[in-house]
Amino acid sequence: MTEAQIDPRILRAPILPRSFYARPTVQVARALLGKILVHDRLGPGFGAERRAAGRIVETEAYLGTADPAAHAYRGVTTRTRVLFGPPGHAYVYLIYGMYNCLNVVAEAEGTAGCVLIRAIEPITSLEGSGSGPGRLTRALGITLKHNGQDLTRGPITIREPIDPEAGPTAVFETAVSPRIGIRQAADWPLRFFVRGNAHVSRSPRRIS
DNA sequence: GCTATGATCATA
DNA sequence: ATGATCATAGCA
């Protein structure tokens with residue numbers, strides 16, 4: 001049985017501060033590309049195989065009350081409350097009865113806005129693919145119970161890679177496209193991904 | 001209480 | 001093109 005070796009870069013990677021998230025949503029969506037998403041299932045322990053991590057290679061911005069495709073479009077509800085809360089928290093929801101989607105709350109408290117994490121490039125060995133929003137949460141063990149959690153505290157954190165010269169996506173070009181799978185505001189250019197990266201999702205655009 | 005609706009994915 | 005499967009929203 002081969003123990004998966006953790007890339008030591010994630011052990012030293014500093015957690016992104018709240019100020020990173022307290023910016024316009026589109027800025028946050030672009031800035032999240034290349035950052036490292038970590039789920040430490042044992043907290044600050046040393047259980048190496050319990051730590052799952054990947055590099056973010058695809059995101060989508062959802063612009064709150066100004067965006068017909070956003071959950072926050074119709075204002076505060078039980079579900080969307082976290083979107084209007086302080087930035088740097090996780091917004092997790094269940095879609096199609098089977099998939100959890102992980103979003104990051106952006107903008108100042110009181111203003112809704114979030115970034116959907118759509119794909120990661122594995123750093124640790126993952127159980128399954130990290131390509132696609134439903135698959136990456138399954139691979140990292142992220143569920144509804146993580147909704148509202150503070151991403152500056154963990155166990156889910158997003159980190160700055162310590163050595164930007166290392167790794168296959170360290171130097172990259174950001175590509176832009178319409179968002180995947182929505183019907184409202186279907187042509188808004190709010191999807192961002194690492195051009196040419198093999199782990200970017202290839203979900204078909206929903207039609208009709 | 002009830003019903004419609006998905007920011008998905010796999011299979012065909 | 002279809003189906004699996006369920007939390008949430010909107011309405012009565």
Side-chain angles (χ1 to χ4, degrees), chain A residues 21 23-33 35 37 39 52 54 56-85 87-107 111-122 126-149 151 156 158 174-194 197-208:
Chain A
Y21 303 101
R23 292 185 285 163
T25 306
V26 169
Q27 277 184 40
V28 176
R30 298 189 81 116
L32 279 171
L33 292 181
K35 300 298 188 286
L37 176 61
H39 185 193
I56 297 171
V57 297
E58 181 181 354
T59 63
E60 280 177 0
Y62 286 85
L63 306 183
T65 53
D67 181 357
H71 288 175
Y73 184 57
R74 294 170 201 288
V76 182
T77 66
T78 307
R79 180 171 65 157
T80 63
R81 178 175 40 87
V82 61
L83 292 173
F84 293 84
H89 288 249
Y91 170 57
V92 183
Y93 66 91
L94 181 73
I95 190 67
Y96 300 119
M98 350 175 64
Y99 296 102
N100 296 109
C101 289
L102 171 66
N103 298 251
V104 169
V105 177
E107 306 277 353
T111 301
C114 67
V115 178
L116 172 66
I117 310 300
R118 287 195 56 89
I120 58 172
E121 171 185 345
L126 300 181
E127 299 172 20
S129 168
S131 301
R135 287 165 138 188
L136 82 85
T137 54
R138 193 173 52 187
L140 294 179
I142 294 171
T143 67
L144 277 185
K145 76 183 179 194
H146 298 107
N147 186 40
Q149 281 195 184
L151 297 173
I156 300 171
I158 304 179
T174 298
V176 184
S177 82
R179 295 172 290 185
I180 301 293
I182 58 168
R183 305 182 59 161
Q184 306 296 320
D187 56 343
W188 294 13
L190 294 178
R191 173 174 177 249
F192 306 96
F193 58 97
V194 173
N197 187 281
H199 297 89
V200 170
S201 74
R202 313 233 176 200
S203 307
R205 182 82 175 280
R206 176 174 295 235
I207 48 175
S208 152

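All chains are named by letter (A, B, ...) in the order of the sequence lines, taking the proteins before the strands, and each is independently numbered beginning at 1.
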For [X], what residues pass the side chain to side chain contact (heavy atoms under 4.5 Å, CB included) criterion, not counting sequence neighbours?
X: A:Ala175; answer: A:Phe193, A:Arg195
X: A:Ala72; answer: A:Leu83, A:Phe84, A:Ala112
X: A:Leu126; answer: A:Ala52, A:Ile120, A:Pro122, A:Thr124, A:Ala139, A:Leu140

(message) Under the rule for side-chain hydrogen bond (donor to acceptor under 3.5 Å, both in side chains), what residues qualify as partners of A:Thr174, not counting sequence neighbours?
(response) none
(request) For A:Thr25, enumerate each residue passing the side-chain hydrogen bond (donor to acceptor under 3.5 Å, both in side chains) test, keeping only those at least two apart in sequence or located in another chain. (result) A:Glu107
(request) For DNA chain B, list all stems, counting runs of three or more consecutive pairs where every pair is Watson-Crick or G-U wobble with both distances under 3.5 Å. (result) B:1-6 with C:6-11, B:8-11 with C:1-4
For nucleotides 1-3 of chain B, give me every protein contact, N/O to N/O, under 3.5 Å, one pair per line with atom names.
none

(message) Listing request: all salt bridge (Lys or Arg N to Asp or Glu O under 4.0 Å) pairs with a residue in residues 59-73 of chain A, at least two apart in sequence or in separate chains.
(response) A:Glu60-A:Arg118, A:Asp67-A:Arg179
(message) Using atom P in both nucleotides, what's the gap between B:dT5 and C:dA12 to the nearest angstrom?
(response) 15 Å
(message) Can you check the distance between B:dA10 and C:dA7, where both ends of the measurement are the C1' atom (answer in whole Å)?
(response) 22 Å
(message) Side-chain N or O of A:Arg135 versus OP1/OP2 of B:dA10: is the shortest distance under 4.0 Å?
(response) yes
(request) May I have the step-by-step check of side chain to side chain contact (heavy atoms under 4.5 Å, CB included) for A:Leu151 and A:Val105, ending in yes or no? (result) CA-CA 9 Å; A:Leu151 297 173; A:Val105 177; over 6 Å; no
Give me the distances for all protein-to-nucleotides 4-7 of chain C N/O pairs that come in under 3.5 Å?
residue: C:dT5; atom: O2; partner: A:Tyr96; partner atom: O; Å: 2.4

(message) Within the structure provided, determine whether A:Leu116 and A:Leu102 are in side-chain contact (heavy-atom separation under 4.5 Å).
(response) no
(message) For a 4.5 angstrom cut-off between non-hydrogen side-chain atoms, does A:Arg191 reach A:Val176?
(response) no
(request) Mind checking the OH-SG spacing from A:Tyr93 to A:Cys114? Nearest 0.5 Å is all I need. (result) 8.0 Å
(message) I need the residues from residues 65-74 of chain A with at least one non-hydrogen atom less than 4.0 Å from DNA chain B; give them sorted by number, or say none.
(response) A:Ala69, A:His71
(request) For A:Glu58 and A:Ser201, indicate whether the former's side chain and the latter's backbone hold a donor-acceptor pair under 3.5 Å. (result) yes
(message) Under the side chain to side chain donor-acceptor pair (under 3.5 Å) definition, can you give me all pairs with a residue in residues 136-146 of chain A, not counting sequence neighbours?
(response) none
(request) Using the side chain to side chain donor-acceptor pair (under 3.5 Å) rule, collect all pairs that involve residues 68-80 of chain A, keeping only residues at least two apart or in two chains. (result) A:His71-A:Tyr91, A:Thr77-A:Thr80
